[in-house]
*Asks:* 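I have a structure here, written as structure tokens, and I will follow up with some questions on it.
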Number of protein chains: 2
Amino acid sequence: MARPRKPLLSRERIVAAAGALVDSEGLDAVSTRRLAAELGVSGPSLYNHFRTKDEILEAVADAVSAQVDLSMFAEHDSRDWATALHDWALSYRAALRAHPQIVPVLARGPGRRPAGLRVADAVFGAMVRAGWPPAQATHIGALMRYFITGSALGSFARGFVDDETAYDPADYPHLGRAHLLAGHQEAVDEGAFETGLRAIIEGLGVQYAALDRS
Amino acid sequence: MARPRKPLLSRERIVAAAGALVDSEGLDAVSTRRLAAELGVSGPSLYNHFRTKDEILEAVADAVSAQVDLSMFAEHDSRDWATALHDWALSYRAALRAHPQIVPVLARGPGRRPAGLRVADAVFGAMVRAGWPPAQATHIGALMRYFITGSALGSFARGFVDDETAYDPADYPHLGRAHLLAGHQEAVDEGAFETGLRAIIEGLGVQYAALDRS
DNA sequence: ACCTGAACACCGTTCAAGT
DNA sequence: ACCTGAACACCGTTCAAGT
């Protein structure tokens with residue numbers, strides 16, 4: 001059955017299947033043979049639609065980026081720049097939280113991913129419109145991405161081993177035992193994200209107020 | 001020559017060789033066979049010293065964490081908490097910049113890595129000593145790590161493709177063409193890190209001033 | 001154009017055998 | 001205890017062959 005009259009595959013179907021596999025079994029479960037089997041074809045077929053396996057994973061990451069809400073950066077939106085940044089950060093984090101396993105790929109930077117660049121473009125446009133100098137507007141988009149992806153990578157489904165005996169308290173004089181438990185870690189992630197987001201936006205507010213607006 | 005009288009390998013030698021290989025050729029170049037060849041032994045020998053390849057990479061990441069300067073958090077150090085955080089962030093970033101290829105492993109969180117935990121412990125202790133409530137002190141260590149590792153991951157040796165034709169300006173109305181060049185990207189990384197670090201510390205300063213110190 | 005099976009050059013890891 | 005070669009069950013990717 002060499003070639004069917006109707007193509008069996010499409011980039012969309014491949015990305016959807018790969019995304020589902022990443023979500024359910026993790027990045028390591030995605031091999032070209034396994035993914036192809038999931039799609040009912042043989043391994044090499046994928047290479048008619050993507051040049052490498054990495055391109056497939058980049059596309060999965062981009063699909064997650066595409067789910068980030070950008071409406072707060074629209075010209076007609078009434079939110080001020082600080083509120084828009086805050087709301088965007090929450091939406092961004094929610095998207096990553098829904099697909100934690102792809103974050104390592106996504107965190108590598110927007111690279112050549114269209115949705116990632118669209119996000120950068122929206123933030124940049126809104127910050128410039130709010131009065132930020134272009135260079136600073138670029139920095140704001142990047143630093144927010146650093147913080148949000150960094151927090152997603154360093155936290156979800158990760159953290160400490162749930163075996164207290166793995167740590168000798170003498171080695172970490174200040175950390176209480178509670179800090180070393182995976183259960184506690186989820187609360188830490190949440191709190192650290194909130195504290196950090198608030199600090200960044202407050203700090204940017206200080207810098208914004210000090211801008212020489214001539 | 002089954003077993004020599006003096007062991008050919010040690011955890012230290014393996015970690016050193018793996019680190020050198022990661023630095024020179026990247027994470028993908030590290031296979032157990034290749035690493036073993038670099039050490040003059042056969043692949044399976046490594047399993048006498050580490051349980052998995054991943055444990056080796058974790059140890060490499062931990063060795064990088066161990067290079068982060070923590071002297072600013074020492075009890076006798078005269079720097080205030082904000083200056084200490086700032087100086088620490090620069091040292092942390094410098095360590096990652098020296099070994100950018102291991103960052104994906106390191107960014108997964110302190111996990112079971114002793115040096116990573118020592119860092120967390122030092123920050124926590126210094127923040128509590130400065131008057132931060134314990135919960136907030138924990139958050140500060142985590143959020144700084146998010147930002148620093150996120151920026152290292154999203155930037156170094158990454159970023160945009162250096163082919164202008166890869167992007168259609170119509171898709172990104174606000175981003176100028178300059179933003180899409182790899183050369184420009186390095187400056188963005190630097191500026192975004194500085195802006196972000198300043199914002200975080202200024203923002204934390206606001207929160208610190210508002211603490212109810214009774 | 002799009003899929004196939006075969007093939008190439010690899011993987012991580014286990015294990016019995018050696019000293 | 002620590003290393004070896006052989007082996008298992010995989011990999012990503014290329015390519016000629018099929019329609």
Side-chain angles (χ1 to χ4, degrees), chain A residues 1-62 101-102 104-105 108 111-113, chain B residues 1-62 101-102 104-105 108 111-113:
Chain A
M1 60 117 113
R3 166 165 120 91
R5 28 183 66 243
K6 221 16 168 74
L8 296 172
L9 293 177
S10 67
R11 288 176 66 94
E12 290 70 31
R13 276 199 71 217
I14 293 170
V15 172
L21 194 50
V22 169
D23 284 346
S24 62
E25 304 190 34
L27 270 182
D28 289 347
V30 182
S31 74
T32 54
R33 286 171 170 86
R34 171 72 193 280
L35 176 55
E38 217 79 39
L39 287 158
V41 299
S42 82
S45 307
L46 301 173
Y47 291 84
N48 284 296
H49 303 269
F50 288 92
R51 269 197 318 241
T52 62
K53 172 186 158 181
D54 200 58
E55 267 190 17
I56 299 176
L57 292 175
E58 289 283 328
V60 171
D62 204 49
Q101 312 250 41
I102 196 67
V105 175
R108 281 182 212 156
R112 67 204 74 200
R113 298 194 299 270
Chain B
M1 60 118 112
R3 166 165 123 92
R5 29 184 63 244
K6 223 7 168 84
L8 297 173
L9 294 176
S10 68
R11 288 177 65 95
E12 291 68 32
R13 275 199 71 219
I14 294 170
V15 171
L21 194 50
V22 168
D23 284 345
S24 61
E25 303 191 32
L27 270 181
D28 290 347
V30 182
S31 74
T32 54
R33 286 173 172 84
R34 171 73 193 279
L35 176 57
E38 218 78 39
L39 288 159
V41 298
S42 81
S45 306
L46 301 172
Y47 290 85
N48 284 297
H49 303 268
F50 288 93
R51 269 198 319 242
T52 62
K53 172 187 157 181
D54 200 57
E55 266 189 15
I56 298 176
L57 291 175
E58 290 284 327
V60 171
D62 204 48
Q101 311 252 42
I102 196 66
V105 175
R108 281 182 211 155
R112 67 205 73 200
R113 297 196 299 271

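Numbered from 1 within each chain, the chains take letters A, B, ... in sequence-line order. Fair warning: this is a prediction, and the values are worked out from it, not measured in the lab.
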*Asks:* Let me confirm one number: the CZ-NE2 distance from A:Arg13 to A:His49, rounded to the nearest 0.5 Å.
*Replies:*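 Result: 9.5 Å between the selected atoms.
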*Asks:* So, B:Arg33 side chain and B:Gly43 main chain: donor-acceptor pair closer than 3.5 Å or not?
*Replies:*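 Not at all, since once roles are kept as given, no pair shorter than 3.5 Å links the two residues.
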*Asks:* What's the CG-C1' distance between B:Leu39 and D:dC2, to the nearest Å?
*Replies:*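 Atom CG in B:Leu39 sits about 14 Å away from atom C1' in D:dC2.
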*Asks:* I'd like to check the side-chain contact (heavy atoms from CB on, under 4.5 Å) partners of B:Val22; sequence neighbours left out, ordered by chain and number.
*Replies:*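 Residues passing side-chain contact (heavy atoms from CB on, under 4.5 Å) with B:Val22: B:Leu27, B:Val30, B:Leu57, B:Gln101, B:Ile102.
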*Asks:* Rounded to the nearest 0.5 Å, how far does CZ of A:Phe50 lie from CG of A:Leu9?
*Replies:*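 Rounded to the nearest 0.5 Å, the CG-CZ separation comes to 10.0 Å.
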*Asks:* Taking protein heavy atoms under 4.0 Å as touching, what does nucleotides 6-14 of chain D look like 5' to 3' if B marks base contact, S marks sugar-phosphate-only contact and - marks none?
*Replies:* BB---BBBB
*Asks:* For the pair made of CG in A:Leu8 and P in D:dT19, what is the distance, rounded to whole Å?
*Replies:*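 Rounding to the nearest Å, CG of A:Leu8 and P of D:dT19 are 16 Å apart.
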*Asks:* Ignoring backbone atoms, establish whether B:His49 has a side-chain N or O less than 4.0 Å from OP1 or OP2 of D:dA1.
*Replies:*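 Checking D:dA1 against B:His49, no side-chain N or O comes under 4.0 Å of OP1 or OP2.
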*Asks:* Name all residues meeting the side-chain contact (heavy atoms from CB on, under 4.5 Å) criterion together with A:Asp54; count only those two or more places apart in sequence or in a different chain, and write none if there are none.
*Replies:*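 In terms of side-chain contact (heavy atoms from CB on, under 4.5 Å), with neighbours along the sequence ignored, A:Asp54 is linked to A:Thr52, A:Glu58, A:Arg108.
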*Asks:* Taking atom P in both C:dA9 and D:dA9, compute the distance separating them and give it to the nearest angstrom.
*Replies:*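 23 Å, rounded to whole Å.
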*Asks:* Just N and O in the side chain of A:Ser42: are any of them under 4.0 Å from OP1 or OP2 of C:dT4?
*Replies:*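 It does, given that an N or O in the side chain of A:Ser42 lies less than 4.0 Å from OP1 or OP2 of C:dT4.
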*Asks:* For DNA chain D, report each stem as range with range, ordered by first number, or say none. Use Watson-Crick or G-U wobble pairs under 3.5 Å, at least 3 in a row.
*Replies:*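 When the pairs of DNA chain D are grouped into runs of at least three, the stems are C:4-8 with D:12-16, C:12-16 with D:4-8.
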*Asks:* Applying side-chain contact (heavy atoms from CB on, under 4.5 Å), can you list everything that pairs with B:Glu12, at least two apart in sequence or on another chain?
*Replies:*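 For B:Glu12, the residues satisfying side-chain contact (heavy atoms from CB on, under 4.5 Å) (neighbours in sequence not counted) are B:Ser10.
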*Asks:* Rounded at 0.5 Å granularity, tell me how far CD1 in B:Ile14 sits from CD in B:Glu55.
*Replies:*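 Separation between the atoms: 11.0 Å.
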*Asks:* D:dC2 P sits how many Å from B:Asn48 CG, rounded?
*Replies:*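 Between P of D:dC2 and CG of B:Asn48: 7 Å.
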*Asks:* In whole Å, what is the span from the CZ atom of B:Arg11 to the P atom of D:dA1?
*Replies:*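 B:Arg11 atom CZ is separated from D:dA1 atom P by 16 Å.
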*Asks:* Applying side-chain contact (heavy atoms from CB on, under 4.5 Å), name anything that partners A:Pro44, two or more places apart in sequence or on another chain.
*Replies:*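 Expected list: A:Ser42.
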